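Below is one structure, written out as structure tokens; comments come after it.
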Amino acid sequence: MSDALPLQKNFLIRHATLRQIQVFESVARNLSFTRAAEELHLTQPTVSAQVKSLVEAIEMPLYEQIGRSIYLTEVGEQVACSCREVLNHFSNLEIMLDDFRGMKRGKLRVAVISTAKYFMPIALGKFCKKYPDIDLGLTITNREGLLKRIEHNMDDIYIVGQIPNSNYALDIHPFVPNPLVMIANRNHPLVGKKVSLKRLAKEPFIMREEGSGIRMAVEQLFQEQGLSVNERLTLATNEAIKHCVVGELGVACVSKHALYLEQKEGPIVELEVEGFPIEKEWNIVFPAGKELSLLAREFLAFLKEKGTDYIQLP
């Protein structure tokens, strides 16, 4: 994170109202005055007026509007990060006071890589039974989207597979195994056989998009054996990939977590392939030095202690 953040946070505390900070953070996160108004239960003119007042106080442009689209300036990105820090401090105070009152409330924002959608809702559901009054946010996105959310400090904690190589330090907590397996249509000639990687390389592959952790793991395994992937299609979601496998368009590599809802006698079968499963793991991460809210710390402890109870593998 930028060294300018502490200075901007102090500036915000001195010159901006809490309402202005809250409104601009919502606008910056949603990149929309309309969605911010809906989220905060305010009118759009009120949202616009609050952001205008903050811009006037800072005396620098925080966003550009091109047509109906909003783009944050570099200053706007930094101010948005500082707004989130300020709001987190207030959230911690609210949670602490609720603790004294014997209550458990507050905001919890979690962002996960797309494959983690197969278990995170289950874990969150169990956590919310314990704390039913929390304000919950769950974002499911691809690796690139998750890295942007980490960079802009948009959530409390993040679930990733492969640890990102980034310019900012992360606190990393290994979580649960995430084995990557090869799948094919049940009618594929390789089903039921022990398959060498060299033989597999002849098959058309359905691959994840560039930057995907699964894609990088597959490409690395093939490169180590002097082989290349015979890529037929590139798709951005596991569900789309599984549908293409059902359609007999090729073989694919997915997280084994993505198969737990599949029927045992269904059209998708795990192949027995040399070098598979590729043993990976899920990691809980957040920016190093980030002050987690009390509720986020509670959820982190919950995941580390009980999270594996809600992981279902076929």
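Sequence positions, counted from 1, serve as the residue numbers for this chain. Bear in mind that the values here come from a model prediction, so they are computed numbers and not experimental data.
A salt bridge links E270 with K256: the distance from a Lys NZ or Arg NE/NH1/NH2 to an Asp or Glu carboxylate oxygen falls below 4.0 Å. Note on E231 versus R215: salt bridge recorded, some NZ/NE/NH1/NH2 to OD/OE distance being below 4.0 Å. Ion pairing between a basic and an acidic side chain is recognised when a charged N comes within 4.0 Å of a carboxylate O; K193 and E272 show no such pairing. The residues D156 and R109 are annotated as not salt-bridged, no charged nitrogen and carboxylate oxygen being separated by less than 4.0 angstrom. Ion pair K242/E239 flagged as a salt bridge, since at least one NZ, NE, NH1 or NH2 atom sits closer than 4.0 Å to an Asp/Glu carboxylate oxygen.
Here the shortest heavy-atom pairing between M216 and G211 reads CE-O, 3.4 Å. Of all the heavy atoms in E56 and E59, the pair that sits closest is O-CG, 3.3 Å. Residue N283 comes nearest to I172 through the heavy atom pair OD1-CG2, 3.9 Å, listed as atom of the first residue, atom of the second, then distance. The minimum heavy-atom distance between A123 and L303, with the atom names listed, is CB-CD2, 4.0 Å. Closest heavy-atom contact between L235 and I206: CD1-CG2, 3.8 Å. When all heavy atoms of I159 and A116 are compared, the closest pair comes out as CG2-CB, 4.1 Å.
Side-chain atoms of Q44 and T34 form a donor-acceptor pair, as typed in the model, at a separation below 3.5 Å. Donor-acceptor pairing under 3.5 Å is lacking for the side chains of K202 and N230. For the residue pair S26 and E39, a side-chain donor N or O sits within less than 3.5 Å of a side-chain acceptor on the partner. In this structure, a donor-acceptor pair under 3.5 Å is present between the side chains of H152 and E77.
Ring geometry, F205 versus F222: the interplanar angle exceeds 60°, so the pair is classed perpendicular (tilted spans 30 to 60°). Using a 30° and 60° split on the angle between ring planes, F127 and Y131 fall in the perpendicular class, above 60°. Taking the six-membered ring where tryptophan is involved, the planes of Y63 and F33 are perpendicular, since the angle between them exceeds 60° and thus also 30°.
Using a 4.5 Å cut-off on side-chain heavy atoms (C-beta onward), S212 and R143 make no contact. Contact annotation: the side chain of L62 never approaches that of L72 to less than 4.5 Å [non-hydrogen atoms, C-beta and beyond]. Within the 4.5 Å cutoff, no side-chain heavy atoms of I122 are placed close to those of L124.
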Going through the distances and angles, do E224 and Q220 end up as a side-chain hydrogen bond (donor to acceptor under 3.5 Å, both in side chains)?
CA-CA 6 Å; E224 288 172 354; Q220 180 180 347; 3.2 Å; yes
Could you walk me through whether L197 and V273 pass side-chain contact (heavy atoms from CB on, under 4.5 Å), step by step?
CA-CA 7 Å; L197 204 61; V273 180; 4.2 Å; yes
Report the C-alpha separation of F24 and V55 in whole Å, then their side-chain angles, then the decisive distance to 0.1 Å, and conclude whether the side-chain contact (heavy atoms from CB on, under 4.5 Å) test is met.
CA-CA 10 Å; F24 180 69; V55 171; over 6 Å; no
Residues T139, V112; criterion side-chain contact (heavy atoms from CB on, under 4.5 Å); working and verdict:
CA-CA 6 Å; T139 299; V112 304; over 6 Å; no
Between I268 and N185, is the side-chain contact (heavy atoms from CB on, under 4.5 Å) condition met? List the steps.
CA-CA 5 Å; I268 294 177; N185 185 285; over 6 Å; no
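Not one N or O on the side chain of R208 forms a donor-acceptor pair closer than 3.5 Å with the backbone of T234.
Atom CD of E209 has more than 12 neighbouring heavy atoms from other residues, nucleotides or ligands inside a 6.0 Å radius.
With I278 as reference, L221 is the one residue of N178, I214, L221 to meet the side-chain contact (heavy atoms from CB on, under 4.5 Å) rule.
In this structure, CE on M120 lies 14.0 Å from NZ on K117, to the nearest 0.5 angstrom.
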